[in-house]
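Here's the structure, in structure tokens; my notes come after.
First listed ligand is number 1; within each ligand, the first listed atom is number 1.
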Amino acid sequence: MNRFSDRVVLITGAASGIGLASAQRFATEGATVLLVDRDTEKLEIALQTLGGDFHEAVTLDVTDEPGWISLADRIKSRFGKLDVLVSNAGFGRFLPIAETSLEEWRSIVSVNLDGVFLGTKHMMPLLAASGRGSIVNMSSIRGIVAAPGTGPYCAAKGAVRMFSKVTALECAEAGNGVRANSIHPGHIRTPLSAPAYADPEIAKTLLADVPVGRPGEPDEIADAILFLASDESRYMTGAELVVDGGTTAQ
Ligand SMILES: NC(=O)c1ccc[n+]([C@@H]2O[C@H](COP(=O)([O-])OP(=O)(O)OC[C@H]3O[C@@H](n4cnc5c(N)ncnc54)[C@H](O)[C@@H]3O)[C@@H](O)[C@H]2O)c1
């Protein structure tokens, strides 16, 4: 308990699934949580589940650069620093390459990748001001192993993996105390994936390559995110943490 008291934590995609589970775990551990999402209605509901009147909900599309700049100004005047940035907002869709329009490609890449870049760039001075800043970037097993029909998603998540390593090296070189790591969940049961698990045939196919025989739960990814954000992982930077029930071990 209270591993994150006195720490300010920003999570994107915090209104649902893994982002929401992480926000709840950080709040339980004493953090002040800034929940960022593009869905204002779901954000307000999410905020209510955290308790305490010091957490904040911020409506922002992570691809909106001016929005990130004004959020950085707001955090600077309110807190003067940011301790943890969890860039989690993202989505994917089944899209064979031949059926992917340039517009669909850009929409998936921009949320999953541009959002990570913009958050990193504009929050970096505040993370450096923390003296022990930690960035956790949401990739996927699809940032490591491919699957047909996931072209834009795989491309973006693979890029998030490498971008996190570059971030780690630039921070180490700058000596600003900021660490950056990527996290790679396997099949997790969240609102994003729930429709697939509702169909027994699709669920069977999805779980066929999961050695432990079940999807992961958002809490199980939240625990790994808290580890990467905490001092317990203080010698980890530029690393990739796979949380996939053994899927990529095969
Ligand atoms: N569910 C899985 O099996 C799984 C596996 C590996 C990685 N991931 C990754 O984990 C992250 C969270 O996924 P989830 O399953 O919790 O999904 P989810 O749909 O439950 O939650 C994603 C949240 O991101 C928000 N969001 C989407 N686009 C946004 C934007 N442009 N700006 C701000 N907010 C935006 C949505 O409104 C939503 O609240 C994603 O990056 C996803 O790719 C999920």
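- For atom 9 (C) of ligand 1, the closest non-hydrogen atom on the protein side is M138 CG, 3.5 Å.
- Residue I18 holds the heavy atom nearest to atom 44 (C) of ligand 1 of all those in I188, I18, T12.
- Contacts between L60 and ligand 1, counted as non-hydrogen atom pairs separated by less than 4.0 Å, involve the backbone only.
- Residue contact annotation: D37 has a non-hydrogen atom under 4.0 Å from ligand 1.
- Looking only at heavy atoms of the protein, atom 18 (P) of ligand 1 is closest to S16 OG, 3.6 Å.
- Scanning all protein heavy atoms for the shortest distance to atom 13 (O) of ligand 1 gives L192 CD2, 4.1 Å.
- Summary of contacts: the protein heavy atom closest to atom 43 (O) of ligand 1 is Y153 OH, 2.6 Å.
- No N or O atom of D39 sits closer than 3.5 Å to an N or O atom of ligand 1.
- Counting only heavy atoms of the protein, atom 15 (O) of ligand 1 lies nearest to T190 OG1, 2.5 Å.
- Residue G186 places a heavy atom under 4.0 Å from ligand 1.
- The protein heavy atom nearest to atom 41 (O) of ligand 1 is N88 O, 2.7 Å.
- For the residues A194, G90, G19, G17, the heavy atom positioned nearest atom 22 (C) of ligand 1 is part of G90.
- Taking 4.0 Å as the cut-off, K157 counts as a neighbour of ligand 1 on heavy-atom distance.
- In terms of heavy-atom proximity, V84 sits nearest to F26 at CG1-CZ, 4.2 Å.
- Taking Ile, Leu, Val, Met, Phe, Trp and Tyr as hydrophobic and joining them when side-chain heavy atoms fall under 4.5 Å apart, one finds V210 in a cluster with Y197, I202, L206, L207, V212.
- Ligand 1 lies out of reach of V36, whose nearest heavy atom is not under 4.0 Å from it.
- The closest approach between G92 and ligand 1 stays at or above 4.0 Å for every heavy atom of the residue.
- When heavy-atom distances to ligand 1 are checked against a 4.0 Å cut-off, S139 comes that close only through its backbone atoms N, CA, C and O.
- Looking at K42 against ligand 1, only its side chain comes within 4.0 Å, counting heavy atoms.
- Nearest to atom 34 (N) of ligand 1 among the protein's heavy atoms is R38 N, 3.3 Å.
- With a 4.0 Å heavy-atom cut-off, ligand 1 is reached by the backbone of V62 and by its side chain too.
- Closest protein heavy atom to atom 24 (O) of ligand 1: G13 CA, 3.3 Å.
- Across all non-hydrogen atoms, the minimal contact from L20 to A46 is CD1-CB, 3.6 Å.
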